[in-house]
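Chain A is the first sequence line, chain B the second, and so forth, proteins listed ahead of strands; every chain is numbered from 1. Since the model is a prediction, treat every value here as computed from it, not as a measurement.
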2 protein chains.
Amino acid sequence: MANYLTERSQKILEAIIEEYIATAQPVGSKALTLNLGIKLSPASVRNVMAELEELGYLTSPHTSAGRIPTEKGYRFYVDSLLRISDLDVRQKDQIELKYRQQGLQMADMLREASRTLSTVCHYTGLVMVPRLKTTIFRHIEFVKLSPRQVLAVFVTQSGLVQNKLIDVDEDLHPRDLEKITNYLNKSMTGLSIQEVRARIIAEMAEEKALFDHLLRRAFVLSSAALVDEATGDVIIEGTSHFLEQPEFADLPHMKRIVQTFEQKSILVDLLDRGLEAKGVQVIIGSETAYSELADCSLITAAYSGKRGTLGTLGVIGPYRMPYSTIIPIVDYTANLISRLLDTDND
Amino acid sequence: MANYLTERSQKILEAIIEEYIATAQPVGSKALTLNLGIKLSPASVRNVMAELEELGYLTSPHTSAGRIPTEKGYRFYVDSLLRISDLDVRQKDQIELKYRQQGLQMADMLREASRTLSTVCHYTGLVMVPRLKTTIFRHIEFVKLSPRQVLAVFVTQSGLVQNKLIDVDEDLHPRDLEKITNYLNKSMTGLSIQEVRARIIAEMAEEKALFDHLLRRAFVLSSAALVDEATGDVIIEGTSHFLEQPEFADLPHMKRIVQTFEQKSILVDLLDRGLEAKGVQVIIGSETAYSELADCSLITAAYSGKRGTLGTLGVIGPYRMPYSTIIPIVDYTANLISRLLDTDND
DNA sequence: GTTAGCACTCCATCGTCTTGAGTGCCAAAA
DNA sequence: TTTTGGCACTCAAGACGATGGAGTGCTAAC
């Protein structure tokens with residue numbers, strides 16, 4: 001037996017996968033020859049199916065059922081068989097419409113992206129919020145909340161607002177805080193956070209000699225404010241779509257998945273993987289390396305601002321998923337968000 | 001037949017409800033006399049049960065099953081029978097522990113509250129974020145994002161950060177923005193938002209005469225920044241607990257509920273109802289007035305800061321719920337949050 | 001290499017039967 | 001008058017078995 005697939009085998013594999021994606025039912029040889037474009041007898045198809053099963057692309061739940069794709073089958077399908085169609089204009093409009101409203105700031109936009117992905121794809125939408133370190137410094141502000149607590153409010157170039165509570169060990173005068181604020185805003189605006197951090201460290205070293213107490217505190221404060229939280233944040237929308245999937249009908253299973261979402265950390269990890277990749281990434285089942293998501297697939301794409309990649313967004317669903325329609329949607333959304341972040345706020 | 005309940009009837013009703021809450025199974029007359037503290041024969045109990053059914057406190061799924069409480073039954077139970085025990089020390093500790101960490105700002109604290117409610121109660125936790133209008137002005141900042149866009153960042157007394165994108169029709173110079181910022185911070189700090197708004201309107205009227213262009217813009221900007229979004233925000237944690245409830249085993253039903261959560265608006269409405277109320281509120285089933293939540297109960301309590309009620313928090317679950325343990329937890333959490341908001345940040 | 005035919009497998013479905021928990025009612029007991 | 005034991009009745013749930021049908025693998029013919 002050949003260990004590569006003839007064109008005919010590929011055609012049949014493709015037909016099976018697409019039929020299974022559409023119906024969630026095991027596909028039999030007869031159905032293939034009748035409704036789908038296979039011009040062979042059921043017997044011949046059966047031979048090919050047996051071969052595909054041997055090679056690990058298909059499996060059958062029991063002897064008298066049809067075949068269903070394995071993970072390997074999906075992977076081959078996504079890598080080799082899938083023809084990604086362009087998004088039709090209507091869908092583009094549907095997506096773009098959501099961002100038309102005025103006065104959408106970045107956080108709202110990302111949430112909207114997640115929601116739109118979810119409703120358009122009928123799966124769960126995911127958007128990773130940009131990490132602090134990938135953003136550009138625009139403005140910082142220190143607000144004194146109590147004698148020992150200062151709230152740092154930090155605005156990035158793209159209008160994302162992050163804030164952080166800082167415990168201080170001396171009672172700073174509001175006037176001093178103002179001075180610090182002014183100094184930082186004057187000298188740091190437009191730099192990336194990494195540059196800002198580097199600069200702070202450099203100037204602090206220098207500062208040792210000069211010993212300007214106030215300036216010193218400015219640096220301490222701002223470096224505290226700009227510490228990157230290790231854990232990124234994910235915006236999840238449309239968890240309820242999972243409840244539509246027949247493969248997750250049993251509650252304990254379902255529950256494990258929803259809990260995984262609530263924890264977020266696993267999703268952060270998975271989305272992080274798409275950060276360096278170009279274009280759309282597909283992670284199928286066990287490729288996630290998390291048993292909780294063994295029968296889920298993620299489709300992700302990175303979005304970027306003026307200065308490179310900011311984060312990733314995508315969709316998660318069962319691994320029986322209409323990849324050919326979802327992939328372009330995710331791709332288009334990522335590009336759209338990138339475009340919006342680029343033209344806005346300059 | 002009496003239309004009030006004898007003490008014996010009440011005892012039996014109570015026993016049935018508590019048994020049903022514990023097991024989710026219809027309760028029969030035999031079980032009551034055997035395991036629970038009813039010292040009567042099954043036959044007598046049956047008489048009472050028939051009576052309770054006639055009065056609308058109980059119902060039976062079919063003739064040969066036991067009885068289950070109706071909504072009216074639960075309502076009577078909550079109003080008249082329930083003895084709310086104090087929270088035991090261990091649980092208090094378990095809750096309080098979560099807030100021990102340093103540097104928790106308000107938003108984090110509210111999220112933590114929702115999460116803790118969820119894990120301690122094994123239901124879904126809800127926390128309503130304070131409305132802008134109930135908070136006290138501490139600091140405002142305008143950051144120019146583009147020639148026509150200004151980001152207003154607004155910090156409340158308790159350290160909650162809200163931000164809003166404002167479209168402006170003239171290109172403001174950063175120096176002007178700074179002046180505006182300074183002016184507002186000097187004159188408005190410590191006032192409630194309502195006072196701030198009143199003051200702005202008053203000064204704007206006066207301003208017409210004086211016509212200081214800059215000041216005028218300050219007022220326009222800040223009133224735009226302080227417009228209260230009509231829709232409050234709710235922090236929902238632990239949706240997955242819903243999947244544990246046997247009464248929501250069928251997926252379409254479950255899905256409707258989860259979708260209701262995702263929409264949030266209904267939850268906002270329900271939580272709003274608890275704003276003026278003192279102490280813990282229980283909303284059972286159809287009392288929610290939303291058919292989607294016809295078999296859910298909410299237990300809510302208001303939390304407050306230095307100057308009155310800020311918002312509400314609570315728990316939502318099936319209406320078969322151990323009210324006697326949940327109510328004190330919600331109560332305690334609301335008080336705890338109030339205390340933390342009060343002593344912090346002064 | 002392809003196809004028709006055929007025996008075989010096994011799940012899903014349906015009706016039947018049984019079981020048992022629980023009820024309502026009545027008459028006897030307290 | 002209230003309580004209780006007894007008894008016939010009801011009905012869901014589970015077990016069992018038969019049936020049907022979709023699908024397979026294999027073999028022999030085309």
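Look at CD on Glu19(B): it is 15 Å from C1' on dG22(C), rounded to the nearest Å. Here the P atom of nucleotide dG5(D) and the CG atom of Asn47(B) are 13 Å apart, to the nearest Å. Between Leu32(A) atom CG and dT3(C) atom P there is a gap of 14 Å when expressed in whole angstrom units. Summarising the geometry, the separation between CD on Gln25(B) and P on dA13(D) is reported as 10 Å, rounded to the nearest angstrom. Put simply, CZ on Arg46(B) is 12 Å from P on dT4(D), counting in whole angstrom units.
Distances shorter than 4.0 Å separate some side-chain N or O of Ser41(A) from OP1 or OP2 on dT3(C). Note on Arg8(B): a side-chain N or O is less than 4.0 Å away from OP1 or OP2 of dT3(D). Between Ser29(B) and the phosphate of dT23(C), there is a side-chain N or O to OP1/OP2 separation shorter than 4.0 Å.
Residue contacts shown for Ser60(B) are absent, as no nucleic acid heavy atom lies under 4.0 Å away. Looking at heavy-atom distances under 4.0 Å, Ala43(A) makes contact with a base.
For the pair Glu262(B) (side chain) and Ser240(A) (backbone), a donor-acceptor distance under 3.5 Å is present. The main-chain N or O of Tyr77(A) is never found under 3.5 Å from a side-chain atom of Ser80(A) such that the two would form a donor-acceptor pair.
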message = With ring-ring contact (aromatic ring centres under 6.0 Å, His included) as the criterion, how do Phe248(A) and His253(A) come out once you've worked through the C-alpha distance, each side chain's angles and the decisive distance to 0.1 Å?
response = CA-CA 7 Å; Phe248(A) 301 125; His253(A) 183 189; 5.3 Å; yes

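Comparing atom distances between the Ser64(B) side chain and each of dG22(C), dT3(C), dG25(D) picks out dG22(C) as nearest. Here dT4(D) is the nucleotide among dT23(C), dT4(D), dT2(C) with the atom lying nearest to any side-chain atom of Leu40(B).
In terms of position on DNA chain D, the residue among Thr63(B) and Met49(A) whose nearest nucleotide sits closer to the 5' end is Thr63(B).
One finds a salt bridge joining Glu287(B) and Arg75(B) here, because a Lys/Arg side-chain nitrogen approaches an Asp/Glu carboxylate oxygen to under 4.0 Å.
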